[in-house]
Peer 1: 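Questions regarding the structure given below will be posed in turn.
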Amino acid sequence: MPPLVGAALLAFAIRHLPNVIHARAPGNGLWAQLKRNVGARRLLAGYTCHNWELIGMWSWAPAFLAASFVLSGATTVTATLLSTQFITVLHLGGGFAAYSMGKLSDTLGRRTILLWAAAIAAAFSFSIGWLVGLNPYLLAVLVITYSYFAIGDSPVLSTAMTEEADAGTLGSLLALRSMTGFLAGAVSPAVVGWIIDRLRAGDASDATVWGVSFAVLGCGGLLAVWFAFRLPRNGRSG
């Protein structure tokens, strides 16, 4: 239902916008754009790595918080209920994260926000899992903060892409970005699940299971930091 409502709102909002088709110079297709446009290429790679971390974290945060509540003595039913409530807050906060990071990027620059948001999210990825035995309410606050930075650079990446790409190939480039980003986001939760199963089979501690699993997501975050760092300082996203 929400996508149907969104479609209706979108149709109303853009009803007066002209249907503009940007001319594309001969030989300036998608692959030519990627070959010569360093900024667009690195933003594409950064978005893909960002999605590996973000969607993997979103997929496993509910089970992670539930595990923390169980370790504190809660029943499985209670743990699941409490985890769901905190995850709802996490996703509701995503809108504020996108808005605030977008506003900051207008002031501080796209590259700066991409660097800091990705770096903080990666730091959470490498540390949060080891804290599964922490007070679960405190841990839930940390996970919500983690999500704030993990989602915060998403709209900035999208905006930076529109600023870097030529208008004639922007649609194709954004389509490719969505494909690679969500493919990475489809694979990372499965990889984390496989790691959890392997570590559980080896009788690893809860901290080790979750610490290693989230660290795998952090590898994508580190790559996102690297690609943000490599954006041209004098580019439109610098």
Peer 1: Does the side chain of Leu139 reach to within under 4.5 Å of the side chain of Ile128, using non-hydrogen atoms?
Peer 2: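 In short, these two side chains touch, coming nearer than 4.5 Å.
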Peer 1: So for atom CZ, which belongs to Arg198, do other residues, nucleotides or ligands contribute more than 12 heavy atoms lying within a distance under 6.0 Å?
Peer 2: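 No, CZ of Arg198 has 12 or fewer neighbouring heavy atoms, counting only those of other groups under 6.0 Å.
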Peer 1: Looking only at heavy atoms, which two atoms of Ala40 and Glu164 are closest? And how far apart?
Peer 2: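 Nearest heavy atoms, Ala40 then Glu164: N-CB, 4.2 Å.
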Peer 1: Evaluate Ser188 against Leu217 for side chain to side chain contact (heavy atoms under 4.5 Å, CB included), listing each step before the verdict.
Peer 2: CA-CA 7 Å; Ser188 67; Leu217 300 176; 4.0 Å; yes
Peer 1: Rounded at 0.5 Å granularity, tell me how far CG in Leu231 sits from CZ in Arg41.
Peer 2: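 Answer for the CG-CZ pair, Leu231 versus Arg41, is 11.5 Å.
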Peer 1: Report yes or no: does Trp130 contribute a side-chain atom to a donor-acceptor pair with the main-chain N or O of Trp210 at less than 3.5 Å?
Peer 2: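 A pair under 3.5 Å: no.
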Peer 1: Membership question, hydrophobic clusters at under 4.5 Å side-chain separation (ILVMFWY): are Trp52 and Ile151 in the same one?
Peer 2: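 Linked within one cluster.
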Peer 1: Among side-chain atoms of Thr208 and Ser205, is any donor-acceptor pair under 3.5 angstrom?
Peer 2: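 Yes, side-chain donor-acceptor contact under 3.5 Å.
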Peer 1: For Ser147 and Trp58, work out which heavy atoms get closest and say how close.
Peer 2: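 Heavy-atom minimum between the residues: OG-NE1, 3.3 Å.
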Peer 1: Going only through I, L, V, M, F, W and Y residues with side-chain contacts under 4.5 Å, is there a path from Val225 to Leu54?
Peer 2: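 Per the 4.5 Å side-chain linkage, Val225 and Leu54 are not co-clustered.
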Peer 1: Measure the shortest side-chain to side-chain distance between Ser172 and Leu176 over non-hydrogen atoms and say whether it is less than 4.5 angstrom.
Peer 2: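 Ser172 vs Leu176: side chains apart.
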Peer 1: Among side-chain atoms of Arg177 and Ser158, is any donor-acceptor pair under 3.5 angstrom?
Peer 2: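 Indeed, the side chains of Arg177 and Ser158 share at least one donor-acceptor pair under 3.5 Å.
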Peer 1: Does Phe64 have its ring centroid less than 6.0 Å away from the ring centroid of Phe214?
Peer 2: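 Ring centres of Phe214 and Phe64 closer than 6.0 Å.
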Peer 1: If two hydrophobic side chains count as joined below 4.5 Å and joins carry through other members, does Trp31 share a cluster with Leu170?
Peer 2: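 Same cluster: Trp31 reaches Leu170 through Ile, Leu, Val, Met, Phe, Trp or Tyr contacts under 4.5 Å.
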Peer 1: Below 4.5 Å, heavy atoms only, C-beta onward: do Leu65 and Leu82 meet side chain to side chain?
Peer 2: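 No, their side chains stay 4.5 Å or more apart.
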Peer 1: Mind checking the CD1-CG spacing from Ile120 to Asp153? Nearest 0.5 Å is all I need.
Peer 2: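 Spacing of CD1 (Ile120) from CG (Asp153) equals 10.5 Å.
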Peer 1: Can a donor-acceptor pair be found, under 3.5 Å and without considering hydrogens, that links the side chain of Ser100 to the backbone of Phe96?
Peer 2: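 Between the backbone of Phe96 and the side chain of Ser100 there is a qualifying donor-acceptor contact (under 3.5 Å).
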Peer 1: Just by distance, do the side chain of Thr169 and the backbone of Ala165 share a donor-acceptor pair under 3.5 Å?
Peer 2: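 A pair under 3.5 Å: no.
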Peer 1: Does a donor on one side chain and an acceptor on the other come within less than 3.5 Å for Glu53 and Ser125?
Peer 2: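 Checked: Glu53/Ser125 side chains pair up, N/O donor to acceptor below 3.5 Å.
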Peer 1: For side chain to side chain contact (heavy atoms under 4.5 Å, CB included), just list the numbers for Phe86 and Val143, CA-CA rounded to whole Å, side-chain angles, deciding distance to a tenth of an Å, and then say yes or no.
Peer 2: CA-CA 9 Å; Phe86 279 112; Val143 170; over 6 Å; no
Peer 1: Between Gly220 and Cys49, what is the shortest heavy-atom contact and its length?
Peer 2: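 Looks like O-CB, 3.2 Å.
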Peer 1: Heavy-atom distance under 4.5 Å between the side chains of Asn135 and Ser72, does that happen here?
Peer 2: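 Side chain of Asn135 against side chain of Ser72, heavy atoms only: no contact under 4.5 Å found.
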Peer 1: Hey, could you give me the OH/CG distance between Tyr148 and Leu90, rounded to the nearest 0.5 Å?
Peer 2: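 If we round to the nearest 0.5 Å, Tyr148:OH and Leu90:CG are 13.0 Å apart.
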Peer 1: Take Arg42 and Trp226 through the test side chain to side chain contact (heavy atoms under 4.5 Å, CB included) and record every step on the way to the result.
Peer 2: CA-CA 9 Å; Arg42 289 173 181 163; Trp226 170 248; over 6 Å; no
Peer 1: Answer with yes or no whether the side chains of Ser178 and Tyr47 bring together a donor and an acceptor at under 3.5 Å.
Peer 2: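 No, no side-chain donor-acceptor pair sits under 3.5 Å.
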Peer 1: Mind listing the closest non-hydrogen atom pair of Ala66 and Ala79 along with its distance?
Peer 2: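 Taking every non-hydrogen atom into account, O-CB, 3.5 Å.
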Peer 1: Classify the ring geometry between Tyr146 and Phe124 as parallel (under 30°), tilted (30 to 60°) or perpendicular (over 60°).
Peer 2: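 Tyr146 vs Phe124 ring planes: parallel.
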Peer 1: Do Trp60 and Ser213 have side chains that get closer than 4.5 Å, going by heavy atoms?
Peer 2: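 No, side chains not in contact.
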Peer 1: If only side-chain N and O atoms count, and only distance matters, is there a donor-acceptor pair under 3.5 Å linking Ser83 with Thr80?
Peer 2: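 No, because no side-chain N or O of Thr80 sits under 3.5 Å from a partner of the opposite role on Ser83.
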Peer 1: I'd like to know if the side chain of Asp166 and the backbone of Gly168 have a donor-acceptor N/O pair within less than 3.5 Å.
Peer 2: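 No; judged by distance alone, with no hydrogens or angles, the pair does not exist.
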Peer 1: Thr112 side chain to Gly109 main-chain N or O, any donor-acceptor pair under 3.5 Å?
Peer 2: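 Checking the backbone N and O of Gly109 against the side chain of Thr112, no donor-acceptor pair under 3.5 Å is found.
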Peer 1: Judged by atom type as modelled, is there a donor-acceptor pair below 3.5 Å linking the side chain of Thr78 to the main-chain atoms of Ala74?
Peer 2: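 Side chain of Thr78 to backbone of Ala74: no pair is present.
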Peer 1: Please lay out, stage by stage, how Val209 and Val132 fare under the test side chain to side chain contact (heavy atoms under 4.5 Å, CB included).
Peer 2: CA-CA 10 Å; Val209 169; Val132 67; over 6 Å; no
Peer 1: If hydrophobic clusters are built by linking Ile, Leu, Val, Met, Phe, Trp and Tyr wherever their side-chain heavy atoms come under 4.5 Å apart, do Tyr137 and Leu142 end up in the same one?
Peer 2: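 Per the 4.5 Å side-chain linkage, Tyr137 and Leu142 are co-clustered.
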Peer 1: Given 3.5 Å as the limit, does a donor-acceptor pair link the side chain of Ser105 with the main chain of Arg110, or not?
Peer 2: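 Judged by distance alone, no pair lies under 3.5 Å.
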Peer 1: How many angstroms lie between CG in Asn51 and OG1 in Thr180, if you round to the nearest 0.5 Å?
Peer 2: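 The distance works out to 8.0 Å.
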Peer 1: Got a second to check how far Phe69's CZ is from Leu81's CG, nearest 0.5 Å?
Peer 2: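 Answer for the CZ-CG pair, Phe69 versus Leu81, is 9.5 Å.
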Peer 1: What I want to find out is whether Asp206 reaches Arg200 closely enough, with some N-O distance under 4.0 Å, to be called a salt bridge.
Peer 2: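 A salt bridge links Asp206 with Arg200.
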Peer 1: Taking all atoms of both residues into account, what is the closest heavy-atom pair of Thr159 and Thr162, and its distance?
Peer 2: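 Closest pair (atom of Thr159, atom of Thr162, distance): O-OG1, 2.6 Å.
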Peer 1: Answer yes or no for Arg15 and Phe12: cation-pi contact, defined as NZ/CZ to six-membered ring centre under 6.0 Å and angle to ring axis within 45°.
Peer 2: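 Yes, a cation-pi geometry.
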Peer 1: According to a 4.5 Å side-chain heavy-atom criterion applied to Ile, Leu, Val, Met, Phe, Trp and Tyr, with indirect links allowed, do Leu223 and Met161 form part of one hydrophobic cluster?
Peer 2: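 The answer is no; the residues belong to distinct hydrophobic clusters.
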Peer 1: Quick check on Ile21: does its CD1 atom have over 12 non-hydrogen neighbours (other residues, nucleotides or ligands) under 6.0 Å away?
Peer 2: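 Not buried by this count: 12 neighbours or fewer within 6.0 Å.
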Peer 1: With rounding to the nearest 0.5 Å, note down the distance linking CG in Leu92 to CD1 in Ile87.
Peer 2: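 The CG atom of Leu92 sits 11.0 Å away from the CD1 atom of Ile87.
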